[in-house]
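Data block below; observations after.
Predicted model only: the values in this text are computed from it and were never measured. Residue numbers run from 1 in the order of the sequence given.
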Amino acid sequence: MALTGRAGLLALIGVLVVGLLLPSWQGILLVLAVLLACVAFDLVLAAGVRRLTFVRAGASSVRTGELCSVQLTVQNPGRRLRGVLRDAWAPSAGVVADRVPVDVPAGGSRTFSFDLRPVRRGDRIADRVTVRSIGPLGIAARQGSHVVPWTVRALPPFHSRRHLPPLLERLRELDGRRASLIRGAGTEFDSLRAYVIGDDVRSIDWRASARSSDVVVRTWRPERDRQVTIVLDTARTAAGRVEGALGGVPRLDAAMDAALLLSALASQARDQVDFLAFSHKVRASVPRATLPVLVQAMAPLEAELVEFDARGVVAEVLRRAGRRSLVVLLTSLEPSIEHGLLPLLPALASRHRLLIASVSDPAVHAMAAGRGDLESVYAAAAAERTLAERRHLTALLARHGVDVVDALPDDLPRALADHYLSLKAAGKL
């Protein structure tokens, strides 16, 4: 039983007023009896809430930050139901309004729509549906809760998709599907054509030229049907937050954005994309990944507070990648790489081309520029040391034949995609 707020307050004031006006205790008892009778009347005539049934429908997935709707149908087998309904979700689900007035006729049903705008990636789970059935006098109400399961998966937002059109245009140029002169692109023979000024003389086919009245050159196209293995580090360092244009995000989310852009671009280039999320074990694995499947696999991933197992991930990549491929490892440039990953590089680099992509912290770059006072100078010195360590690791990895893309969160997706296209144009995949 629950007294409604306004009606209960008015009833209490009425009891106090009568108690002051009537000195005898019989008058007060009379008023209390009337009030209890009104409460009992409301409780008897209020529609029951236990026999209500609920059916959910609507969105089951949405990109983080975008709006979706979930419908809730209330079926009332008893008398007319009037009151308030609350559909409770986790705060990160971003429910716009979780309370609605209800008026369901006897034996009828009503459907209510709730708008959600998830603020965090992952599975957002509905909690309980609570119904308060108010009596005809509005003094008392029945209340009960029901578990009505539903999950909305908040997918990675993929902010870097805005870079895709110019990248696809560049890919078409490399592929020869646009009328433009490209020098030294690709390694797969495409066709022969007459020499024009500006062509690379190394592409002249002297044998074909001898049989023709013109000088003939070979044309090339970018490599196709190559394998790209994207490895996402989901260990301890992926949990650190970095500031970007859209606010603070974990390194893991920034790395996911870069992985999605690279996957979309590589798929358009007709390369095979395999995805692997790893910490100290395999967290997710998607062979021959397409973009819809990839975002579904990434959505529930969260960073684990464990050390990254470099030996385990190298063994896993060698076991899975049967032919030579581009292995893109999205991890953090930490000093631990020198003792963990570096000794394992010869076994990996002998069979595959390795590219390490890392999210750089904008706060460190901002600290390195500070010179205002003594405290900021000390902070700048610490930041410069961190940046020097990253440059040292980059040079060390380069000596082992490993490419490194180290960029700020907003710049990493485009920088990684540009590097992929450069490798493809040079025939180094």
### Message
For Ser263, give me all partners under side-chain hydrogen bond (donor to acceptor under 3.5 Å, both in side chains), at least two apart in sequence or on another chain.
### Response
none

### Task
Give a yes or no on this: more than 12 heavy atoms of other residues, nucleotides or ligands lie within 6.0 Å of atom CZ of Arg324.
yes

### Message
Working note: Arg353 + Leu423, criterion side-chain contact (heavy atoms from CB on, under 4.5 Å); need CA distance, chi angles, decisive distance, verdict.
### Response
CA-CA 10 Å; Arg353 186 173 188 92; Leu423 292 175; 3.5 Å; yes

#### Entry: Polar contact flag, side-chain donor to acceptor under 3.5 angstrom, Thr73-Ser109
no

### Query
When you look at Arg86 and Asp98, which way does the salt bridge (Lys or Arg N to Asp or Glu O under 4.0 Å) test go after all the steps?
CA-CA 5 Å; Arg86 178 177 184 259; Asp98 62 352; 3.2 Å; yes

Which donor-acceptor pairs under 3.5 Å do the side chains of residues 285-297 make with protein atoms, sequence neighbours left out?
residue : atom : partner : partner atom : Å
Ser285  : OG   : Arg320  : NH1          : 2.6
Arg288  : NH1  : Gln272  : OE1          : 3.1
Arg288  : NH2  : Gln272  : OE1          : 3.2

### Message
Does any part of the side chain of Thr64, heavy atoms only, come nearer than 4.5 Å to the side chain of Val119, both counted from C-beta?
### Response
no

### Query
Does the Ser325 side chain pair with the main chain of Thr229, one donor and one acceptor, at a distance under 3.5 Å?
no

### Task
Give the C-alpha distance, both sets of side-chain angles, the deciding distance and a yes or no for salt bridge (Lys or Arg N to Asp or Glu O under 4.0 Å) between Arg236 and Glu307.
CA-CA 6 Å; Arg236 172 184 58 84; Glu307 291 297 327; 2.8 Å; yes

### Query
Is any side-chain heavy atom of Asp403 closer than 4.5 Å to a side-chain heavy atom of Tyr420?
no

### Message
Using the side-chain hydrogen bond (donor to acceptor under 3.5 Å, both in side chains) criterion, which residues pair with Arg323? Sequence neighbours excluded.
### Response
none

### Query
Going by the side chain to side chain donor-acceptor pair (under 3.5 Å) test, which pairs reach into residues 48-58, not counting sequence neighbours?
Thr53-Gln75, Arg56-Asp87

### Task
Only pairs at least two apart or in different chains count here, so list each salt bridge (charged side-chain N to carboxylate O under 4.0 Å, His left out) that has a residue in residues 390-399.
Arg390-Asp406

### Task
Looking only at non-hydrogen atoms, find the nearest pair between Leu412 and Ala357 and report the distance.
CD1-CB, 4.2 Å

### Message
Please check if the number of heavy atoms outside Arg385 that lie under 6.0 Å from its CZ is greater than 12.
### Response
no

### Thr111 side chain to Gln71 side chain, donor-acceptor N/O pair below 3.5 angstrom
no

### Query
Quick one: does Arg80's side chain have a donor or acceptor within less than 3.5 Å of a partner on Val104's backbone?
no

### Query
Taking only residues two or more places apart in sequence or in another chain, which ones pass side-chain hydrogen bond (donor to acceptor under 3.5 Å, both in side chains) with His365?
Ser360

### Task
Write down the atom of Val359, the atom of Arg251, and the distance for their closest heavy-atom approach.
O-NH1, 2.6 Å

### Message
Has Asn76 got a side-chain atom pairing as donor or acceptor with Arg79's backbone, closer than 3.5 angstrom?
### Response
yes

### Residue pair Ala255 / Leu330: nearest heavy atoms and the distance that separates them
O-CD1, 3.9 Å

### Task
Without swapping roles, check the side chain of Arg121 against the backbone of Leu301 for a donor-acceptor pair under 3.5 Å.
yes

### Query
Do Leu261 and Leu265 touch side chain to side chain, with heavy atoms closer than 4.5 Å?
no

### Message
Does Asp418 form a salt bridge (Lys or Arg N to Asp or Glu O under 4.0 Å) with Arg170? I'd like the steps, not just the answer.
### Response
CA-CA 9 Å; Asp418 285 339; Arg170 184 179 167 191; 3.3 Å; yes

### Query
Taking the side chain from Ser69 and the backbone from Asp115, do they hold a donor-acceptor pair closer than 3.5 Å?
no

### Task
Please work out whether the ring planes of Phe54 and His146 are parallel, tilted or perpendicular, with thresholds of 30° and 60°.
tilted

### Task
Determine yes or no for a side-chain-to-main-chain donor-acceptor pair under 3.5 angstrom, with Arg414 supplying the side chain and Asp410 the backbone.
no

### Under 3.5 Å donor-acceptor, Asp274 side chain and Ala321 backbone
no

### Task
For Asp271 and Arg226, indicate whether the former's side chain and the latter's backbone hold a donor-acceptor pair under 3.5 Å.
yes

### Task
Report yes or no: does Ser133 contribute a side-chain atom to a donor-acceptor pair with the main-chain N or O of Gly48 at less than 3.5 Å?
no

#### Entry: Step-by-step salt bridge (Lys or Arg N to Asp or Glu O under 4.0 Å) determination, Arg172 to Glu169
CA-CA 5 Å; Arg172 283 191 289 268; Glu169 184 71 11; 2.6 Å; yes

### Query
Can Ser332 and Ser358 be said to form a side chain to side chain donor-acceptor pair (under 3.5 Å), step by step?
CA-CA 5 Å; Ser332 180; Ser358 179; 4.6 Å; no

### Task
Could you check if a side-chain atom of Leu85 sits within less than 4.5 angstrom of a side-chain atom of Phe114, using non-hydrogen atoms only?
yes

### Query
Is a donor on one side and an acceptor on the other found under 3.5 Å between the side chain of Trp89 and the backbone of Leu116?
no

### Validation row: Leu318, His352 side chains within 4.5 angstrom (heavy atoms)
yes

### Task
Compare all side-chain heavy atoms of Val152 with those of Val70 and state whether any distance is below 4.5 angstrom.
yes

